[in-house]
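Heads up: the structure comes next, in structure tokens.
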Amino acid sequence: MTSNAPLSWPDLPAKQQPTWPDRQALNDATQSLSVLPPLVFAGECDILRQRLAEAARGEAFVLMGGDCAETFAAATADNIRDRIKTILQMAAVLTYGASTPVVKVGRIAGQFAKPRSKDTETRGETTLPAYRGDLVNDFAFTLEARNPNPERLLQAYHTSSATLNLVRAFTQGGFADLRFVHEWNRGFIANSANARYERMAGDIDKAMRFMAACGVDFEEMRRVDVWASHEALVLDYERPLTRIDSRTGSRYATSGHFVWIGERTRDLDGAHIDYISRVTNPVGIKVGPSADPAEIVELARRVDPDRIPGRLTLITRMGADTIHAALPPIVKGVSDAGLEVTWVCDPMHGNTFESSTGYKTRRFEDIVEEVRGFFEVHHALGTIPGGIHVELTGNDVTECLGGAMHVEDRDLELRYETLCDPRLNHQQSLELAFVVAEMLQSR
Ligand code: PEP
Ligand code: MN
């Protein structure tokens with residue numbers, strides 16, 4: 001059990017926080033949050049930390065994936081099922097490629113807040129507060145919708161709770177059975193556009209039959225773990241959900257198993273880095289191309305002073321063109337300092353651009369190239385490429401260009417549904433898993 005006693009926090013500068021117009025409503029909401037049950041438990045977070053430590057040593061591979069921005073409206077049973085299905089399908093392929101377990105982590109059940117490059121958005125003559133994610137305000141372009149509303153903190157909690165409940169049911173209740181997952185992947189290969197991956201799919205098929213012939217107990221493998229993660233951005237949500245584990249006396253974020261700090265809020269002396277340095281969960285920090293290696297080493301020392309295996313994941317997001325120049329000094333800096341982190345590649349956030357048709361998009365081929373660069377850099381330095389972090393959906397959206405289905409500029413308008421960054425659709429996600437599995441095989 002965890003204690004709900006209020007915790008106090010130092011008053012440090014915090015970037016990207018909403019300006020709540022109604023302080024009383026904010027106090028009411030944070031007070032309510034502080035007595036609600038934890039969404040995740042200390043013991044679960046500790047297990048995930050061990051899994052991530054395995055990935056840091058090359059004994060497992062991490063797959064993090066999900067929406068850029070979850071929304072309340074899209075938290076439907078079908079959407080959640082299809083996202084979990086996509087993650088499980090990718091994980092099956094990656095497990096084969098890596099010949100190690102795959103640690104499955106959703107950007108799910110809490111990914112409701114977004115950092116913005118500008119505080120306001122202007123359309124025509126009208127300027128309103130920027131959309132900061134459903135945790136804070138609504139996407140609709142009216143003053144009422146864009147006003148930060150603290151009741152949303154509670155709605156985010158309840159939506160996360162319902163989402164997590166379904167994730168747990170799907171992954172513990174037999175839906176994640178490897179035999180089903182394998183059948184779903186046959187559907188992907190049946191599409192002639194994916195003929196390139198037939199050989200590996202055939203090999204996986206043989207491996208499944210081999211396992212069956214050896215008498216592997218598939219019934220034993222019907223349960224899997226899918227962990228919940230999100231960016232710890234809005235501290236008025238994270239702090240009230242931070243609890244002391246009464247068994248160990250340690251402090252945990254209970255909003256998700258794994259939380260990370262984004263590229264825009266990872267100031268060494270800011271409130272966000274202070275926050276993650278005070279919780280026991282496994283945590284991540286995003287690292288972009290302009291990061292100074294010495295600063296990353298300082299961050300790692302601050303967040304993980306005791307060098308606990310699996311505690312810190314550095315999620316690098318460099319861009320396909322930049323990774324060969326930008327990643328090596330950072331990896332070298334960290335390993336020369338004797339720090340052990342889990343290296344994860346986010347091939348999405350360094351590869352965003354505006355399409356000729358005016359959509360924020362990414363090219364599948366750039367995403368693949370960044371992952372390839374990530375493997376090459378780590379091989380050259382003798383460090384371990386520990387996993388990937390991607391924005392994806394289980395739906396057939398048209399938000400990212402390319403892939404075997406050749407999504408083109410003019411297709412983007414067909415099903416462009418994201419409220420924030422473009423996501424790989426179901427097909428592109430599986431295709432990425434096959435391509436990365438090939439890279440893992442030659443690792
Ligand atoms: C994100 O993960 O959606 C994000 C905003 O990433 P970053 O902090 O790396 O820009
Ligand atoms: Mn994003």
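Start at 1 and go down the list; that is how both ligands and their atoms are numbered.
By the 3.5 Å distance cut-off applied to N or O atoms, Glu263 is counted among the residues near ligand 1. Remark: ligand 1 and Trp260 share no N or O pair separated by less than 3.5 Å (distance only, no angle test). Where the criterion is an N or O separation shorter than 3.5 Å, residue side chain and backbone included, Arg264 meets it with respect to ligand 1.
Between Glu70 and Lys114 there is no salt bridge, since no side-chain N of the basic residue sits under 4.0 Å from a carboxylate O of the acidic one. A salt bridge is defined here as a Lys NZ or Arg NE, NH1 or NH2 lying under 4.0 Å from an Asp or Glu carboxylate O, and Arg307 with Asp304 fails to meet this definition. Salt bridge present: Asp138 and Arg152 bring a charged side-chain N and a carboxylate O closer than 4.0 Å. A salt bridge is defined here as a Lys NZ or Arg NE, NH1 or NH2 lying under 4.0 Å from an Asp or Glu carboxylate O, and Arg362 with Asp421 meets this definition. Salt-bridge formation is detected for the pair Glu59/Arg57: a Lys NZ or Arg NE/NH1/NH2 atom is positioned less than 4.0 Å from an Asp or Glu carboxylate oxygen. Using a 4.0 Å cut-off between charged nitrogen and carboxylate oxygen, Arg146 and Glu121 count as a salt-bridge pair.
Closest protein heavy atom to atom 9 (O) of ligand 1: Arg317 NE, 2.7 Å. Given atom 4 (C) of ligand 1, the protein heavy atom at minimum distance is His349 NE2, 3.4 Å. Considering only non-hydrogen protein atoms, atom 6 (O) of ligand 1 sits nearest to Lys286 NZ, 2.9 Å.
Which parts of ligand 1 touch Cys68 is read off a 4.0 Å heavy-atom cut-off, strictly below it: atoms 3 (O). In the vicinity of Gly262, heavy-atom distances shorter than 4.0 Å reach the ligand 1 atoms 8 (O).
Between the Thr254 side chain and the Leu241 main chain, a donor and an acceptor come within less than 3.5 Å of each other.
The distance from the Mn ion (ligand 2) to the nearest N/O/S atom of Cys68 is under 2.8 Å.
Residue-environment remark: CZ (Arg410) stays at or below the threshold of 12 foreign heavy atoms within 6.0 Å. The number of heavy atoms from other shown groups lying within 6.0 Å of CZ (Arg23) does not exceed 12.
For Asp421, the N, O or S atom with the smallest separation from the Mn ion (ligand 2) is OD2. Atom OE2 is the N/O/S atom of Glu391 found closest to the Mn ion (ligand 2). In His349, the N, O or S atom that comes nearest to the Mn ion (ligand 2) is NE2.
Here Arg107 has side-chain heavy atoms under 4.0 Å from ligand 1, and that is the only part of it that gets that close.
A cation-pi arrangement is absent between Lys104 and Trp227, since the terminal nitrogen or guanidinium carbon is not both under 6.0 Å from the aromatic centre and inside a 45° cone about the axis.
Taking a 4.0 Å cut-off on heavy atoms, Glu391 registers as neighbouring ligand 1. Ligand 1 lies less than 4.0 angstrom from a heavy atom belonging to Lys114.
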